[in-house]
J.: 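Here it is, the structure in full.
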Amino acid sequence: MRRLGRSVLIAPTGLGALLTRPAPEVAARLIGARLKIDGVGGIIVETEAYDRHDPASHSFRGPTLRNAPMFGPIGQAYVYRIYGLHWCLNIVCDASTPGSAVLIRALEPLWNLDVMAERRGAVRPRDLCAGPGRLCQALGVTGAFNALPVAAAPFALDLGQPEPVLVGPRIGLRPGVETPWRFGRVGSPYLSRPFSE
DNA sequence: GTTCCGATGTACT
DNA sequence: GTACATCGGAACG
């Protein structure tokens with residue numbers, strides 16, 4: 001515990017401290033965290049890590065207009081459109097390696113399921129947030145959220161207790177598939193896909 | 001349960 | 001032109 005000035009204490013385990021760390025560590029630690037946007041959300045059960053040394057990462061070839069948030073301040077959102085249709089939500093991290101981020105891939109929906117169901121169309125709770133595109137649709141995430149800080153409204157992000165996590169290869173990519181930077185909550189039925197391999 | 005396919009923004013060869 | 005950090009629906013078993 002560090003003391004600043006007279007009486008302000010900074011918890012070394014807080015979100016701000018975590019986001020200074022490398023992407024794989026952040027991705028693993030975010031499993032079990034509570035994520036809400038305007039009160040709609042749930043528990044993070046699946047994440048993936050990316051950094052600029054990783055051929056699967058948008059940041060691999062250096063800054064562009066699209067990936068600019070990955071090279072900006074840590075703690076902001078990086079929201080991009082994929083396949084021309086869906087949105088994906090990342091959190092920029094790692095104070096020492098610009099170009100790092102964690103993709104939020106799945107939630108266990110817990111709060112305001114009716115809002116999510118309306119945005120997604122009538123789907124069973126298991127499919128509301130099981131995948132990065134579905135999650136963004138359920139939470140109302142669009143490009144308008146790009147570069148917003150996740151530690152302030154409309155976001156609410158609170159860490160849970162550290163817990164053991166599943167580890168495996170990331171989904172849907174060719175280069176970098178050998179890097180096991182996908183993380184999942186043990187026993188969760190809300191993953192986008194099982195961790196069988 | 002599986003495979004196949006079309007929707008189409010952005011970066012790149 | 002091709003390749004994607006994807007999804008939902010159709011066709012099939």
Side-chain angles (χ1 to χ4, degrees), chain A residues 19 22-31 33 35 42 44-72 74 76-94 97-109 116-147 150 165-185 188-197:
Chain A
L19 293 178
E25 180 180 335
V26 176
R29 184 66 182 84
L30 284 177
I31 299 300
L35 172 64
I44 296 174
V45 298
E46 186 180 336
T47 59
E48 285 178 358
Y50 293 87
D51 77 19
R52 104 160 272 178
H53 305 297
D54 165 16
S57 174
H58 288 178
S59 59
F60 182 62
R61 295 172 195 278
T64 66
L65 185 58
R66 177 175 67 157
N67 68 21
M70 292 186 79
F71 292 92
I74 63 172
Q76 69 180 348
Y78 168 45
V79 180
Y80 68 91
R81 203 193 271 282
I82 188 167
Y83 297 111
L85 292 176
H86 311 289
W87 298 101
C88 289
L89 172 65
N90 297 253
I91 298 173
V92 177
C93 65
D94 194 339
T97 311
S100 303
V102 172
L103 172 66
I104 311 300
R105 281 193 58 92
L107 297 185
E108 174 180 348
M116 295 191 232
E118 184 174 351
R119 288 170 173 161
R120 294 266 302 116
V123 295
R124 61 200 222 276
R126 265 188 69 143
D127 291 333
L128 282 177
C129 301
R134 292 165 171 173
L135 180 158
C136 283
Q137 188 180 23
L139 269 56
V141 173
T142 69
F145 289 72
N146 195 29
V150 300
V165 297
L166 302 170
V167 181
R170 292 169 295 178
I171 303 287
L173 44 82
R174 319 257 297 180
V177 71
E178 70 282 356
T179 305
W181 280 1
R182 178 183 179 223
F183 303 92
R185 195 171 212 196
S188 175
Y190 297 95
L191 301 173
S192 68
R193 288 166 50 172
F195 274 75
S196 53
E197 296 133 289

J.: Given C/dA5, B/dA11, B/dT8, which nucleotide is nearest the side-chain atoms of A/R66?
T.: B/dA11

J.: If I pick the P atom on B/dT2 and the same atom on C/dA5, what distance separates them, to the nearest angstrom?
T.: 23 Å

J.: Is the distance from OP1 or OP2 of C/dG8 to the nearest side-chain N or O of A/R134 less than 4.0 Å?
T.: yes

J.: Considering only atom P, compute the distance from C/dG13 to B/dC5 and round it to an integer number of Å.
T.: 15 Å

J.: Does NZ or CZ of A/R52 come closer than 6.0 Å to the centre of the six-membered ring of A/F71, within 45° of the ring's axis?
T.: no

J.: What integer distance in Å separates A/E48:CD from C/dC4:C1'?
T.: 14 Å

J.: Would you say A/N90's side chain and A/A101's backbone share a donor-acceptor pair under 3.5 angstrom?
T.: no

J.: Tell me what A/N90 touches on the nucleic acid: a base, only sugar-phosphate, or nothing, going by heavy atoms under 4.0 Å.
T.: base

J.: Tell me the interatomic distance from A/I82, atom CD1, to C/dG8, atom P, rounded to whole angstroms.
T.: 14 Å

J.: Who does B/dT8 pair with, Watson-Crick or G-U, both distances under 3.5 Å?
T.: none

J.: So, does A/R119 use its side chain to make a donor-acceptor pair with the main chain of A/A138 at under 3.5 Å?
T.: yes

J.: So, is A/R174 near the phosphate of C/dA5, with a side-chain N or O under 4.0 Å from OP1 or OP2?
T.: no

J.: Can you check the A/F183 CZ to C/dA5 P distance for me, whole Å?
T.: 18 Å

J.: Report the distance from atom CD1 of A/I171 to atom C1' of C/dT6, rounded to the nearest whole Å.
T.: 12 Å

J.: Going by purine N1 to pyrimidine N3 plus the second Watson-Crick contact, or the G-U wobble pair, all under 3.5 Å, which nucleotide sits opposite C/dA5?
T.: none

J.: Taking the nucleotide of DNA chain C with the closest heavy atom to each, which residue, A/Q137 or A/M70, is nearer the 5' end?
T.: A/M70

J.: According to a strict under-4.0 Å criterion, is A/R120 in side-chain N/O contact with OP1 or OP2 of C/dG8?
T.: yes

J.: Using side-chain heavy atoms (C-beta onward) and a distance below 4.5 Å, is A/T97 in contact with A/P22?
T.: no

J.: Can you tell me how far P of C/dC4 sits from CZ of A/F60, to the nearest Å?
T.: 14 Å

J.: Picking from B/dC12, C/dA5, B/dT8, which would you name as closest to the side chain of A/L85?
T.: B/dT8

J.: Heavy atoms from C-beta onward define the side chain here; which of C/dT6, C/dA5, B/dT13 lies closest to that of A/R61?
T.: B/dT13

J.: How close or far is atom C1' of C/dG8 from atom CG of A/L128, stated in whole angstroms?
T.: 15 Å

J.: Check the distance between C/dT6's P and A/H58's NE2 and give it to me in whole angstrom.
T.: 9 Å

J.: To the nearest angstrom, how far is A/Y78 atom OH from B/dA11 atom C1'?
T.: 10 Å

J.: Tell me whether A/Y83 is stacked on the nucleobase of B/dG9, counting only the six-membered base ring and applying the 5.5 Å and 30° thresholds.
T.: no

J.: Can you find a heavy atom in the side chain of A/L19 that is under 4.5 Å from one in the side chain of A/I91?
T.: yes

